[in-house]
Colleague: 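This is the structure I have questions about; it appears just below.
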Amino acid sequence: MSQPPKRELKEYVAIGHTEAENHFRTQQSQAQQPSISSDTTRTLTEFLWFNVFGFAYHYLKSRFGKRHPYQSYPQGDDNGIFQMEGKNGVTQLALLSDWASDTPESDAVGAVVASHSPDYSIHLGDIYFVGTPSEVAANFTSPKASWPRGKWGSLALSGNHEMYSNGDAFFKYLLPTMGVREGDSVRIQKAGFFCLENDHWRVIGLDTGYTSVERPFLEVLSPPDCHLRKEQVSWLREQVQLGNPADQRGIVFLSHHPPFSSFRKSFPEPAKQLSQLLGDAVRPVIWIWGHEHRMVVYHPKQLTNLTINGRCIGHGGMPAEIDLPKNNKEAIAFYDQRKRTTLRRIDVGFNGFAWLTFDQQHLSIEYRDINDALVYRELVRVEEGKLEFLPIT
Ligand SMILES: [Fe+2]
């Protein structure tokens, strides 16, 4: 059976941020794929269906259909808190965001990550164009999909694009394939958030995707703010015990949406909620997000009592943006603005990923590109809840 061709990166140049446009592009892209049947009448029917009825069906379903019910963890052992494993006490974790474009570039990034054999791999969200079942399959679950699974498991966050199709495929088809191996069994990721931890570090994946899309009309009156739903807040308070002052482990937050940005709209509400959960003391955290298709390291930023060491790694599989910041340039410590190529007369940068190595109190973060070149590196040490960024030799 022949496989449909990969999408080309140029399909994503100047992509719109509206649901309608993304639905359209999904249907357009499917329509361009050759039929696996030799029945030409059927091919023609499919073509018409995808372009007209298919587009209308998905668009209306997404705009007026119901969001997939929110999922959270049951009480007890199956609580979404996974123990980090590794070799000789060292754990290697790959982070990819905005990666699922099913292009030669996303394949190449996936292959580089796979060549390093991560213990875990995590997708920080956005499956293009609108997170349909076929797009989940093409990127993650079909035999030819290039998602680089970790030796101990993979986990996933939802972005806004998964929610453009109401999150159905994310919850129904992607999450059941995500989880962590524990001994001979696998614990499945049952909600859009999770915690992966060891004695020194906690990697906490936050779901900002579910609340990033609202109903038509309501969206105008009350724009989505990506807040953490009450189920997630309860989980953070009661299961993760984020406010426990005795827990001085280093915290790495992951989310799809940025709590601040020098380029586009940001979503500070989750940071406010986390700050309340963490209590009064100033708490330094590393926070890695995607959504914007670029690679940026920010200087520490104070948001209420959180000191956020923010990093944007949304350059996983979409055309990487290298344009100038719109505001607050001085907040940026590093920005990968190297030009890789030109697509439809637009300069695009290098795709890539983040590679985290946890070794006792130390955490090394390497930002690598599609050619596996090291673009930026940082080394952090945690001591009684404080983070010290060490000089790189
Ligand atoms: Fe996004």
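What you see below is based on every heavy atom in this structure, not just the backbone, and it leaves out hydrogens, waters and symmetry mates. Whatever order the structure lists them in is the order used to number ligands and atoms, beginning at 1.
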Colleague: Relative to Tyr73, does Lys190 satisfy both conditions: NZ or CZ under 6.0 angstrom from the six-membered ring centre, and within 45 degrees of the ring's axis?
Modeller: no
Colleague: Which N/O/S atom belongs to His291 and is the closest one to the Fe ion (ligand 1)?
Modeller: ND1
Colleague: Any N/O/S atom from His257 (main chain or side chain) under 2.8 Å of the Fe ion (ligand 1)?
Modeller: no
Colleague: Angle at the Fe ion (ligand 1) between OD1 of Asn160 and OD2 of Asp126, to 10°?
Modeller: 100°
Colleague: So, His256 and the Fe ion (ligand 1): N/O/S under 2.8 Å, yes or no?
Modeller: yes
Colleague: For a quick check under 3.5 Å, do His315 and His293 share a side-chain donor-acceptor pair by atom type?
Modeller: no
Colleague: Carefully, step by step, assess Lys386 and Glu388 under the rule salt bridge (charged side-chain N to carboxylate O under 4.0 Å, His left out).
Modeller: CA-CA 7 Å; Lys386 303 283 178 254; Glu388 182 188 2; over 6 Å; no
Colleague: A side-chain contact here means heavy atoms from C-beta on lying under 4.5 Å apart; do Leu196 and Arg202 qualify?
Modeller: no
